[in-house]
Amino acid sequence: MGSEEMTTSVENVQEMVRKNPSSVPERFLIINNDDNPNISPVSSDVPVIDLSSVCDGNEDEIKKLDCACADWGFFQIINHGIAEEVLHGMKNTAAEFFKLPLEEKNKYPPKDIQGYGQAQSFLTSKEQKLDWEDVLMLFIYPLSYRKLDYWPTSPPELKDVIQTYSAEVHKVGERLLRVLSVMMGMDKDTLLEMHKEVMHALRVNYYPPCPMPERVLGVSAHSDSTSLTILMQDDDITALQIRRDDGWLPIKPIPNALVVNIGDVIEIWSNGKYRSIEHRAITNKYKARTSFASFLTPTPDVELEPLDQMVNPLNPQKLYKKIKYYDYVSGSLEKKLETKPLRKDAN
Ligand SMILES: O=C(O)CCC(=O)C(=O)O
Ligand SMILES: [Fe+2]
């Protein structure tokens, strides 16, 4: 049972619910009313983008994507080219992993952001409210960052499934970055080159059912410190919400579509034209939910700064200071999932 001792002081949420399905420890209860999951949602839907049409150069669809990145920061993509079997394979195999006994899952205790554990064990802060989720986090690319010690060996096919799913998502991410590069006035490969290498981490979020969904968040409000995040969510539960018009807008799952959001890095490069929007996930009283977030980022040594061509009469100055991506992430981890750390005046 040594592995259990190796976990942090935050209890495994799934295990806690299994042992005591009707109670919620104090540290999970929300006090700040702005975080209230009950706040009345805004009604309208995030744009749905046909990726194949965008990549074929369809002007209207590209315009729609431009609008989605600027006005919404979030959109869903269809016709992304990832086979249904790949998506379902990932969901079904991960479900088998989360069903395993705790001792089995605890063979991969979180360290250096990788492994299986509670959301907070991946972060530094101790005081914040806890999120109602357990997380499996793995570096996928570059291969030199991959630490297979953290890749679960059970179920046996999981490693291959993660590899196949992630390779496909990576291709989608690169296609999107090529289109965004052109939309930002550059050659199609420039944005990719600015990453030096497109780094990729997979975070599998497992949210057990929660007896008090009106007072507990699955993941509290945050923006992603990525270039892009590509998310696969369950079809049968609406839980992801984005901040919009002073309210929270739910993103209703579309079967086999993927949710994409602009992260802080693209917000900075685009000098605020494309927006990294705060989002959160609420909990569900009756059902567990799983989401798969693929985080695409530049390498840590990349210097972030608004691109010269994104400074224009509409946006006459650089809105963000130059900062190394590594320092940016360290800063936002400390501030962590509080409020959005962006919009530093550059002077
Ligand atoms: O579960 C979700 O829908 C959101 C997850 C998320 O925002 C994240 O992992 O960064
Ligand atoms: Fe997120």
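Order of appearance sets the numbers: ligands from 1, and atoms from 1 within every ligand.
- In this structure, K287 does not pair ionically with D234, as no charged nitrogen and carboxylate oxygen lie closer than 4.0 Å.
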Polar pairs, ligand 1 vs protein, N/O only, below 3.5 Å.
residue, atom, partner, partner atom, Å
ligand 1, 1 (O), Y207, OH, 2.6
ligand 1, 1 (O), R289, NH1, 3.0
ligand 1, 1 (O), S291, OG, 2.7
ligand 1, 3 (O), R289, NH1, 3.4
ligand 1, 3 (O), R289, NH2, 2.8
ligand 1, 7 (O), H222, NE2, 3.2
ligand 1, 7 (O), H279, NE2, 3.1
ligand 1, 9 (O), N205, ND2, 3.0
ligand 1, 10 (O), H222, NE2, 3.1
ligand 1, 10 (O), D224, OD1, 3.4

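- With hydrogens and angles left out, the side-chain atoms of Y274 and D66 include a donor and acceptor closer than 3.5 Å.
- Aromatic rings of W132 and F28 (six-membered ring for Trp) have centroids within the 6.0 Å cut-off, being under it.
- No side-chain donor from either of Q76 and K252 sits under 3.5 Å from a side-chain acceptor of the other.
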Please lay out, stage by stage, how K324 and D301 fare under the test salt bridge (Lys or Arg N to Asp or Glu O under 4.0 Å). CA-CA 6 Å; K324 198 179 272 197; D301 58 321; over 6 Å; no
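- Annotation: cation-pi geometry not satisfied between R203 and F295 (NZ/CZ under 6.0 angstrom from ring centroid, within 45° of ring axis).
- Residues Q114 and R146 bring no donor and acceptor atom of their side chains to less than 3.5 Å of each other.
- Protein N/O/S atoms found under 2.8 Å from the Fe ion (ligand 2), listed by chain and residue number: H222 NE2, D224 OD1, H279 NE2.
- W248 carries R280 over the face of its six-membered ring, with the cationic atom under 6.0 Å from the centre and within 45° of the normal.
- Residues E267 and Y320 bring a donor and an acceptor atom of their side chains to less than 3.5 Å of each other.
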